[in-house]
Amino acid sequence: MKINIQDEIIFSTARSSGKGGQHVNKVETMVEGRWPIMQSNLVSEEQKQQINTHLRNKITKDGFLLVKSQVARTQLDNKAMVIAKMNEWVNAALKPKKARIATRPTAASKLKKQMDKQNRSAIKHLRNKNWKTYNN
């Protein structure tokens, strides 16, 4: 189940730095998107908590998920990037984690590990100045 939060995002614009020459000083191409997680009607309380824990570094103190984009030269492209990034983050946060299945090492892997240890031990013993004492 994919959630599209586009209708609840609050957009604001500002002047962007970067490419554009003299035109960059006149046009507000940077787009900042804010999504109020706790006021959202699209997700349940459980999902809100899940989003808060998963995206805690990207949420402001006011409880807004904040995303900025100033990569593109047009406001429309930057707005599309903000929407796509927010939807991607929210859907990734809501994706259930895959349960880890505990496994045991195979007999072959145990034997290989033991042989590697013996080989490493033999190499280190040969490096010793008094290596003859180990052979006796």
Side-chain angles (χ1 to χ4, degrees):
M1 180 178 102
K2 295 230 177 198
I3 295 175
N4 188 359
I5 61 170
Q6 180 176 356
D7 298 332
E8 292 187 351
I9 300 174
I10 303 162
F11 294 102
S12 60
T13 59
R15 289 195 183 125
S16 177
S17 62
K19 299 176 184 175
Q22 294 173 343
H23 187 64
V24 78
N25 299 325
K26 298 185 283 184
V27 183
E28 294 190 349
T29 55
M30 186 200 65
V31 176
E32 180 180 88
R34 293 174 176 271
W35 179 52
I37 298 169
M38 290 302 162
Q39 288 82 30
S40 176
N41 296 324
L42 296 173
V43 290
S44 67
E45 291 300 319
E46 272 183 27
Q47 290 173 327
K48 288 176 186 178
Q49 292 302 321
Q50 197 173 353
I51 291 168
N52 274 328
T53 54
H54 193 269
L55 299 173
R56 65 182 167 272
N57 295 335
K58 294 162 179 50
I59 296 174
T60 64
K61 291 178 184 176
D62 303 331
F64 287 94
L65 176 63
L66 178 67
V67 177
K68 294 180 185 180
S69 177
Q70 59 181 6
V71 177
R73 287 191 180 194
T74 65
Q75 193 180 94
L76 200 61
D77 290 343
N78 283 327
K79 186 175 179 181
M81 285 181 196
V82 166
I83 293 168
K85 194 180 292 187
M86 278 187 154
N87 280 325
E88 182 182 329
W89 285 355
V90 169
N91 287 312
L94 294 175
K95 190 175 183 181
K97 287 190 176 179
K98 200 173 183 181
R100 184 187 176 278
I101 300 170
T103 59
R104 289 188 168 166
T106 62
S109 69
K110 285 182 184 178
L111 184 64
K112 184 182 180 306
K113 184 177 177 183
Q114 183 135 15
M115 295 302 293
D116 289 344
K117 281 186 170 194
Q118 286 175 356
N119 290 339
R120 177 61 53 198
S121 176
I123 289 169
K124 289 187 175 189
H125 284 304
L126 290 173
R127 287 184 191 152
N128 196 325
K129 291 179 184 176
N130 302 326
W131 69 274
K132 288 184 182 179
T133 58
Y134 291 109
N135 291 337
N136 294 334

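Computation of the quantities below employed the complete heavy-atom set of this structure, encompassing side-chain atoms and omitting hydrogens, waters and symmetry-equivalent molecules. What you are looking at is a predicted structure, and each value in this text was computed from that prediction instead of being measured.
Within 6.0 Å of the CG atom in Leu76, the count of heavy atoms belonging to other residues, nucleotides or ligands does not exceed 12. Counting heavy atoms of neighbouring residues, nucleotides and ligands inside a 6.0 Å radius, atom CD of Gln118 exceeds 12 of them.
The CE atom of Met30 sits 8.5 Å away from atom CD of Glu28, with the distance rounded to the nearest 0.5 Å. Atoms NE2 and NZ, from His54 and Lys97 in turn, are 6.5 Å apart once rounded to the nearest 0.5 Å. Lys2 contributes atom NZ, which lies 8.0 Å from atom NZ of Lys95 (distance to the nearest 0.5 angstrom). Distance check, rounded to the nearest 0.5 Å: CZ of Arg34 to NZ of Lys68 gives 8.0 Å. The CD atom of Gln39 sits 9.5 Å away from the CD1 atom of Ile37 when rounded to the nearest 0.5 Å. Between atom OG of residue Ser40 and atom CD of residue Glu45 there is a gap of 10.0 Å, rounded to the nearest 0.5 Å.
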Stepwise side-chain contact (heavy atoms from CB on, under 4.5 Å) test for Val43 and Leu94: CA-CA 10 Å; Val43 290; Leu94 294 175; 4.3 Å; yes

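Leu66 and Met86 fall into different hydrophobic clusters, where Ile, Leu, Val, Met, Phe, Trp and Tyr are joined by side-chain heavy atoms under 4.5 Å apart, directly or via other members. No continuous path of ILVMFWY side-chain contacts below 4.5 Å connects Met81 to Val67, so the two sit in separate hydrophobic clusters.
Other cluster members for Phe64: Ile10, joined by side-chain heavy-atom distances under 4.5 Å among Ile, Leu, Val, Met, Phe, Trp and Tyr.
For Asn78 (side chain) and Val31 (main-chain N/O), no donor-acceptor pair under 3.5 Å exists by modelled atom type. A donor-acceptor distance shorter than 3.5 angstrom exists from the side chain of Lys48 to the backbone of Met38, with no hydrogens or angles considered. Looking at Thr53, its side chain does come within 3.5 Å of a backbone N or O of Gln49 through a donor-acceptor pair. Under the 3.5 Å distance criterion, the side-chain polar atoms of Glu8 are left unmatched by any main-chain donor or acceptor of Ile5.
Tested against Lys79, the residues Asp77, Val82, Ile83 include a single side-chain contact (heavy atoms from CB on, under 4.5 Å) partner, Ile83. Looking at Asn91, Leu42, Asn87 one by one, the single match for side-chain contact (heavy atoms from CB on, under 4.5 Å) with Asn4 turns out to be Asn87.
Looking at Arg120 and Asp116, no side-chain N of the basic residue comes within less than 4.0 Å of a carboxylate O on the acidic one, giving no salt bridge.
Proximity of Leu65 to Lys58: side-chain heavy atoms (C-beta onward) are separated by under 4.5 Å at one or more points.
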